Amino acid sequence: MSHTGEILSNEVLKDKYCRAVFRAPEICEKAEPGHFVHVMIPSMRDRILRRPFSICHAGGSQLTIVYKVVGRGTEELSRLKPGEKCDFMGPLGVPFSLPVEDEIPVIVAGGYGAAATYMISERSKNKGYLLLGARTEKDLILTDNYKNNGFEVRVATEDGAVGTKGLVTVLVKELLEENKGKNLKFYGCGPHGMLLALGELLITNEIDGELSMDQMMCCGIGACFACVVKVKDNNPDGWRYARTCKEGPVFKASDVYYGRT
Amino acid sequence: MSHTGEILSNEVLKDKYCRAVFRAPEICEKAEPGHFVHVMIPSMRDRILRRPFSICHAGGSQLTIVYKVVGRGTEELSRLKPGEKCDFMGPLGVPFSLPVEDEIPVIVAGGYGAAATYMISERSKNKGYLLLGARTEKDLILTDNYKNNGFEVRVATEDGAVGTKGLVTVLVKELLEENKGKNLKFYGCGPHGMLLALGELLITNEIDGELSMDQMMCCGIGACFACVVKVKDNNPDGWRYARTCKEGPVFKASDVYYGRT
Amino acid sequence: MADLRVDLGKFSLKNPVMTASGTFGYGFEYAEFFPLDRLGAVVVKGITVRPVHGNPTPRVAEVSSGMLNAIGLQGPGVDKFLHDDHYMPFLKKSGATVIVNIWGKSVDEYREVAEKLEAEKDGITALEINISCPNVKEGGISFGTNAAKASELVAQVRAATSIPLITKLSPTVSNIGEFAKAVVDAGSDVISLINTIPSMAIDIETRRPKIANVTGGLSGPAIKPVAVRMVYEAAKAVKVPVIGMGGICNADDAVEFIIAGASAIAVGTAIFTNPMAPIEVIDGINSYLDRKKIASVKELCGTVDIRK
Amino acid sequence: MADLRVDLGKFSLKNPVMTASGTFGYGFEYAEFFPLDRLGAVVVKGITVRPVHGNPTPRVAEVSSGMLNAIGLQGPGVDKFLHDDHYMPFLKKSGATVIVNIWGKSVDEYREVAEKLEAEKDGITALEINISCPNVKEGGISFGTNAAKASELVAQVRAATSIPLITKLSPTVSNIGEFAKAVVDAGSDVISLINTIPSMAIDIETRRPKIANVTGGLSGPAIKPVAVRMVYEAAKAVKVPVIGMGGICNADDAVEFIIAGASAIAVGTAIFTNPMAPIEVIDGINSYLDRKKIASVKELCGTVDIRK
Ligand SMILES: Cc1cc2nc3c(=O)[nH]c(=O)nc-3n(C[C@H](O)[C@H](O)[C@H](O)COP(=O)(O)OP(=O)(O)OC[C@H]3O[C@@H](n4cnc5c(N)ncnc54)[C@H](O)[C@@H]3O)c2cc1C
Ligand SMILES: Cc1cc2nc3c(=O)[nH]c(=O)nc-3n(C[C@H](O)[C@H](O)[C@H](O)COP(=O)(O)OP(=O)(O)OC[C@H]3O[C@@H](n4cnc5c(N)ncnc54)[C@H](O)[C@@H]3O)c2cc1C
Ligand SMILES: Cc1cc2nc3c(=O)[nH]c(=O)nc-3n(C[C@H](O)[C@H](O)[C@H](O)COP(=O)(O)O)c2cc1C
Ligand SMILES: Cc1cc2nc3c(=O)[nH]c(=O)nc-3n(C[C@H](O)[C@H](O)[C@H](O)COP(=O)(O)O)c2cc1C
Ligand code: FES
Ligand code: FES
């Protein structure tokens, strides 16, 4: 369950987003879209927790993650050089299920979410859409890679600099309008607010989908109850806290609890 | 008072002893034998204190320290590569006074003490002796350098593998015997027990000397009272605690308090 | 190979290394890392009389050499714990030595949990009474900082069960020795300490607490020196065995606690960093004893040399 | 440039950044790093009625994200402090705002120091009563953990001097709010916290404590979350200004304390790592306020947003 991965390359992808490739054959073997790895970043020392990252690509023995530099851990990660090693736990979590039969995959992503869902575009036999939301142009990543995999990429930015101005849910509504009657399979990964909005929108439209809900994690394997989100339950309250690391990160949109309590 | 020094080289000198050379012109300018620098070792992060090291050599802009790897700090120091930088405070402390007139320098050292006193051998106009004590052969350092500076080197090891078997004080007694009537100027640096033994021996022989007393340090500049040793005082107790970083590390043997309370 | 067995009064363990409650789930989650019966004991997450949702998120935050948590004792409740496959039934099958950490909002709730466990005590080696969880406002802290209340609580649990009792103390008291004495007098067979230290961290961009519960408990290497001191003081104050915890990451840390006076120790937060930590600690204690030519870990307990 | 002035009741400071007692000597030692009058205040090492040798060595030990110390209040005594060139006379010349930390083994000793300082109070802005030094066995700890004794002490010092009084609280209490209230009721104008947390570290090779005094006080980043929580609780409990300290290394840390409720803050252990830390904290608080468009540091105090 614990593996050592040697860094093969570690470079800026775009702005604050970096791509790191590790040699990690045991993980690659089992990796599915939506799985994550839980990484010990050496050189932290005064920071004791691992950092979770979705698997962006797993080919042969090479494991790729795409990460945004947002704090101490990701900063130190970005400074690691080829030859240095990290300790990995993984692959962890419940993965996405790939489209079956005539399902058209529609990936709705924000920020690093486009990396977390990328393996769907690689492994789905049906081609589909990437609807990518971002604050600014700087947060749009991997769009060419999705296109190369035959996916149509539509973009919304909050400042309107690229693509539609506004939130990604606008793109979702457009797409639903265009594709009435088609068998769309929705996948979501991005900020919590975006996922809740997406989930509610899907449910209103009587479509299900799979959402990857990321929360602060400690153990990464279901033992500490740090990483919970509310899911529906048939207890008197109508909800319970589910561990995103073990019962997720991928949940059915119809399982997520949208109540505000 | 605070300077940044770039590492020019950092290599194993012998066994656990390493030599690091830094570019630190401001410190070199003022450095005298017995001065020390107080070093922030980057990459420690979960360890917050600086580490004090005696200045072994200061030539032009190049500052040399010789250090023994004994724990986290010195281990991490030994891993630093040329081009990396450390923050220095220094030169700090009260230095040794060089021999004057016909004074013959006699350096009595143990372990890294031979590095702390090395500048005496460089800067003294009179040549003299290095009496070096060590547990084993592995702790004998810089002997050739002292010889190149015209010093006679005599060695004692506890296991007798090299030189006289026993403690360095045996060598001191021999030397005193040989050099009766000569104007010997003693310098000591090494483990606390060795320095106390040396100091008492000198006093018994009615000779003074200068001892560099190293203690655990925090501030390095006299503010925290962490680093004290007992010195004589004319208060009712006959002693007081003196700060080795500010009032020392070099004390007159005759000022040190040898009482056992 | 040194003798690692330790004696905790009414029960003994094959080695002194346990897992700290709340950091090892119910054992199940770590069973793929190593066989659970290698541990001295598995201490499960706090069990309550009814299922508990726990606190809103964020429940954890990282700080220098440690973390804050306010999980709020989310858990299945005692009935499910006893009967649902991957709790107690799984632990029994695994061959692990099981210690059940219990918690309640009132003396009655503690007593009820203890009664239910008493009724199906097969496979339960001891109960650990968590009187010190700082996160749930309704009572935890008041037992933990009031020796009279703590005594009453222990006495009531004592009356409800014949299972050996460990009382887990809060570090938020002025005199840990007195507190330890009080719970031992009330019938606790063993004491364990320390629980997390109530703490707070604020996001300066949003000015919101980093923990939804506002405060959370500090654990990890940051608290180790406080824990070693308290174990030392508690072990001096009482005659019963002491279980030490707080920031133990490796065998050296564990040995430090044992020298301070702990008969056994628990690894907590370090498991998040390194799931193999408890096993490495067992092996490392053994190596230390061998290197120091000490035949049994019992000989090391409380041997700190404080002559001036 | 934001307004950094802060108001501490009977006195005000040009900015909220002080040095923590015992980590900045008597100011003198750091005067070559920066002009002392740039600081909100210089808080000098604890002053006693008579000269004190202090504890045997080792007096300090390093631990994860912190250090232990048991210096034992070595110092010149109040007379020498008032008259010897590089203590008070130097500070007066430097233009620094001076706060004198005082300490004694008995109420009488505290009162005597206060009386002597009262007699020559020119240049002294406030006294900080250290009721919490955990290192000297003869009394420190009992004032620090007994609210009645602490009140009596503060009342006696209050009677002895008209200089504004700060009482520095120990973190080793169950309810810091109550304690803060008690000393304020007894006449303290301001409270400051936290002092170091009693701790212990053992060398596992020799089995000797790493501090000759056996226990020492934990300081540095490791204690910051505990300190923030206590400042938050104390500030809620009393109406007087609160000075926060414990692990502050940079402006972000300082801002966190201010948001939690501190009117001013002190930099301690971080000075050993970086002698310029207090100045960098002043500049950094200013930058933060400018970036957040907050006109005065006073507006930031206690603004933690705890709505659920
Ligand atoms: C299942 C999962 C998959 C993820 N996949 C990716 C990915 O593919 N690419 C990517 O860039 N990021 C991903 N993240 C987020 C990533 O884990 C955090 O950005 C990272 O841990 C931040 O570490 P830091 O030390 O740089 O930041 P910190 O300084 O610790 O914090 C900066 C910010 O990051 C958030 N954060 C910190 N730790 C975590 C954590 N353990 N989990 C979630 N958020 C955290 C904090 O709330 C804070 O707002 C994923 C998170 C989860 C839970
Ligand atoms: C004035 C002075 C000059 C020195 N000059 C040299 C020198 O030229 N070469 C050299 O190799 N060493 C020198 N030392 C000792 C050196 O500072 C320590 O070996 C070093 O700090 C150990 O750091 P560490 O993190 O590797 O060890 P740690 O893991 O911190 O401790 C290992 C051992 O080193 C001792 N030690 C730790 N910190 C200090 C400290 N701040 N001061 C003294 N002892 C400490 C501890 O007691 C322990 O036994 C000097 C010390 C002083 C006070
Ligand atoms: C996430 C988390 C959850 C915890 N839950 C419990 C609990 O349910 N019951 C309990 O008695 N202690 C609980 N604790 C406290 C630990 O058992 C332990 O006493 C404390 O964390 C100190 O040890 P450590 O520093 O090794 O983690 C918890 C600690 C953490 C970090
Ligand atoms: C070496 C040292 C000496 C100290 N001496 C005193 C003292 O004389 N009086 C006092 O009230 N506090 C003293 N303290 C406590 C500090 O003033 C401060 O309250 C504590 O260290 C927490 O802050 P920090 O983590 O920023 O250091 C001392 C702390 C240290 C580290
Ligand atoms: S991170 Fe521990 S349960 Fe999910
Ligand atoms: S190290 Fe602070 S006084 Fe010497």
Side-chain angles (χ1 to χ4, degrees), chain C residues 56 61 63-66 68 141 144-146 170-175 197-209 212-216 218 220-233 247 249 251-253 255-260 288 292 300 303-308, chain D residues 56 61 63-66 68 141 144-146 170-175 197-209 212-216 218 220-233 247 249 251-253 255-260 288 292 300 303-308:
Chain C
V63 294
S64 294
S65 295
L68 309 188
I141 201 68
T145 57
N146 182 315
S170 163
T172 335
V173 298
S174 304
N175 189 327
I197 307 180
S199 293
M200 184 169 175
I202 301 171
D203 181 324
I204 66 166
E205 296 305 323
T206 62
R207 299 195 220 167
R208 304 264 301 158
N213 186 54
V214 181
T215 61
L218 178 62
I223 68 170
K224 196 186 80 172
V226 179
V228 172
R229 189 260 304 173
M230 289 200 149
V231 164
Y232 169 74
E233 289 177 354
C249 295
D252 285 1
D253 295 338
V255 165
E256 190 175 351
F257 275 82
I258 295 169
I259 293 171
Y288 174 88
K292 292 285 189 181
L300 190 64
T303 56
V304 56
D305 173 5
I306 59 158
R307 89 194 116 88
K308 297 269 155 135
Chain D
V63 294
S64 295
S65 295
L68 310 187
I141 201 68
T145 57
N146 181 317
S170 163
T172 334
V173 299
S174 303
N175 189 328
I197 307 180
S199 294
M200 184 169 177
I202 301 171
D203 181 324
I204 66 167
E205 296 306 321
T206 62
R207 298 194 222 168
R208 305 264 301 158
N213 187 54
V214 182
T215 60
L218 178 62
I223 68 170
K224 196 186 79 171
V226 179
V228 171
R229 188 261 303 174
M230 290 198 150
V231 164
Y232 169 73
E233 289 176 353
C249 295
D252 285 0
D253 295 338
V255 165
E256 189 174 351
F257 275 82
I258 295 168
I259 292 171
Y288 174 88
K292 292 284 188 181
L300 190 64
T303 56
V304 57
D305 173 6
I306 60 158
R307 91 195 113 88
K308 296 270 155 132

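Keep in mind the model is a prediction, meaning the values are calculated, not measured. Per chain, numbering begins at 1; letters A, B, ... match sequence-line order.
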Quick check on C:Ile204 against chain D: is it the side chain, the backbone, both or neither that has a heavy atom closer than 4.5 Å? both
By a 4.5 Å heavy-atom criterion (distance strictly below it), what part of C:Val63 contacts chain D: side chain, backbone, both, or neither? side chain
Any donor-acceptor N or O pair under 3.5 Å, side chains C:Ser65, D:Ser65: yes
If we define contacts as heavy-atom pairs under 4.5 Å, which of C:Pro225, C:Pro221, C:Ala61, C:Ala222 has the most with chain D? C:Pro225
Would you name the heavy atoms of C:Ile202 and D:Ala260 that are closest together and state the gap between them? CD1-CB, 3.6 Å
side-chain contact (heavy atoms from CB on, under 4.5 Å) assessment of C:Val226 paired with D:Leu218: CA-CA 8 Å; C:Val226 179; D:Leu218 178 62; 3.8 Å; yes
Which answer fits C:Ile306, side chain, backbone, both or neither, if we ask what part of it has an atom under 4.5 Å from a heavy atom of chain D? both
As an exercise: rank C:Lys292, C:Met230, C:Lys224 by heavy-atom pairs under 4.5 Å with chain D and give me the winner. C:Lys292
Examine whether an atom of D:Ala201 lies under 4.5 Å from a heavy atom of chain C, and if so say whether it belongs to the side chain, the backbone or both; otherwise answer neither. both
Give, for atom CG of C:Asn175 and atom OG of D:Ser174, the distance between the pair rounded to the nearest 0.5 Å. 10.5 Å
Using a distance-only test with no angle check, is there a side-chain donor-acceptor pair under 3.5 angstrom linking C:Arg229 and D:Thr215? no
Of the backbone (N, CA, C, O) and the side chain (C-beta and beyond), which part of D:Phe257 lies under 4.5 Å from a heavy atom of chain C, both, or neither? neither
Give a yes or no on whether the backbone of D:Arg307 and the side-chain of C:Arg208 come within a donor-acceptor separation of less than 3.5 Å. yes
Partner chain D: residue of C:Glu233, C:Met200, C:Glu205 with the largest heavy-atom pair count (under 4.5 Å): C:Met200
